[in-house]
Amino acid sequence: MNSSEDKQAQFDRRYLRMARIWAENSYCNRRKVGALIVKERMVISDGYNGTPTGFENICEDETGSTKAYVLHAEANAITKVAQSSNSSKGATLYTTASPCLECAKLIIQSGIVRVVYGEEYRITDGLDLLKRAGISTVFLSVE
């Protein structure tokens, strides 16, 4: 590995740690996920899983199942950047868990070119779609 690859790996680990910290903002009990969108070494958006703006901060129903309208961290970060003057084209998404299929579609359409994740979800169809679209995916161990 050359020094620029070393430096990128160092940034990847740090941004992924930041995403893990950001996940702590989630009100979800079953799983807390955080995401950051980084472009040119600048965080341009962030997100964590939770309910839409204006809804109560309760992610699970009385049986413990996640409510259907809960947004994933990646979707929150992408929709947040869409409301800003920033563009996610060419950016990297850091997420604590590998993206699901629905989030993978949003990642592709938003112009994100690289995804770094810290935990592989048991269903890998989101990762499979990202790879098919030519988006670089990087797994980094949580610790």
Side-chain angles (χ1 to χ4, degrees), residues 4-143:
S4 68
E5 289 172 342
D6 286 343
K7 193 169 205 93
Q8 184 61 57
Q10 192 175 54
F11 277 110
D12 286 347
R13 284 191 299 277
R14 288 176 180 160
Y15 285 126
L16 197 54
R17 274 201 319 264
M18 290 169 66
R20 283 201 307 270
I21 291 167
W22 204 244
E24 295 172 14
N25 289 316
S26 174
Y27 287 90
C28 297
N29 295 318
R30 286 186 63 217
R31 183 184 195 101
K32 294 179 184 300
V33 180
L36 296 177
I37 299 175
V38 176
K39 188 172 179 178
E40 297 167 4
R41 298 222 170 107
M42 181 173 50
V43 176
I44 61 169
S45 190
D46 54 61
Y48 49 88
N49 57 325
T51 57
T53 304
F55 283 64
E56 73 291 343
N57 287 321
I58 301 168
C59 299
E60 293 85 15
D61 62 21
E62 52 283 337
T63 69
S65 298
T66 301
K67 294 178 181 177
Y69 55 84
V70 167
L71 288 157
H72 289 184
E74 306 93 322
N76 259 329
I78 290 168
T79 55
K80 198 170 176 182
V81 79
Q83 293 182 45
S84 75
S85 60
N86 287 314
S87 168
S88 54
K89 188 172 183 152
T92 297
L93 174 82
Y94 293 88
T95 181
T96 57
S98 59
C100 71
L101 185 62
E102 292 303 312
C103 287
K105 292 183 217 175
L106 293 174
I107 290 165
I108 293 164
Q109 290 301 98
S110 68
I112 290 169
V113 297
R114 189 166 173 266
V115 174
V116 178
Y117 61 98
E119 183 185 323
E120 193 163 290
Y121 191 62
R122 61 185 167 77
I123 302 168
T124 61
D125 53 358
L127 285 175
D128 297 340
L129 187 65
L130 291 175
K131 290 172 187 169
R132 182 174 167 196
I135 292 173
S136 170
T137 59
V138 178
F139 169 73
L140 275 182
S141 178
V142 174
E143 287 308 316

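None of these values were measured; they are calculated from a predicted model.
Annotation for L36 and A19: closest pair CD1-N, 3.9 Å, computed over non-hydrogen atoms. Of all non-hydrogen atoms in P52 and L71, the two that sit nearest each other are CA-CD1, 4.1 Å. For the pair I44 and S88, the tightest heavy-atom approach, listed with the atom from each and the gap, is CD1-CA, 4.1 Å.
Of the possible donor and acceptor atoms, none in the side chain of E120 sits under 3.5 Å from a partner among the backbone N and O of F139. Proximity of a side-chain donor or acceptor of S45 to a complementary backbone N or O of I78 within less than 3.5 Å is not detected. Put simply, the side chain of N49 gets close to the backbone of R31: a donor and an acceptor are under 3.5 Å apart. A donor-acceptor pair under 3.5 Å is formed between the side chain of K39 and the backbone N or O of S87. A donor-acceptor pair under 3.5 Å is absent between the side-chain atoms of E74 and the main chain of I107, judged by distance alone. The backbone N or O of R20 lies less than 3.5 Å from no partner atom in the side chain of T96, so there is not a single donor-acceptor pair. Side chain of N76 to backbone of Y48: a donor-acceptor contact under 3.5 angstrom is found.
The side chain to side chain donor-acceptor pair (under 3.5 Å) analysis of residues 97-115, with sequence neighbours excluded, yields the pairs D12-R114, E102-K105.
Here the side chains of Y15 and T92 are not in contact, with every heavy-atom distance at 4.5 Å or above. Between I58 and K67 there is a side-chain heavy-atom pair separated by less than 4.5 Å.
Counted within 6.0 Å of CD on E40, heavy atoms from surrounding residues, nucleotides or ligands total 12 or fewer; the atom is thus considered open. With a 6.0 Å radius and a threshold of 12 heavy atoms from other residues, nucleotides or ligands, K7 has its NZ atom at or below the threshold. More than 12 heavy atoms of other residues, nucleotides or ligands lie within 6.0 Å of CZ in R41, so this atom counts as buried by the packing criterion.
In this structure, CD1 in I112 is found 7.5 Å from CD1 in I135, a value given to the nearest 0.5 Å. Interatomic distance, OG1 of T137 versus CG of L129, reported as 11.5 Å (0.5 Å rounding). In this structure, the separation between NZ on K80 and CG on N86 is 11.5 Å, given to the nearest 0.5 Å.
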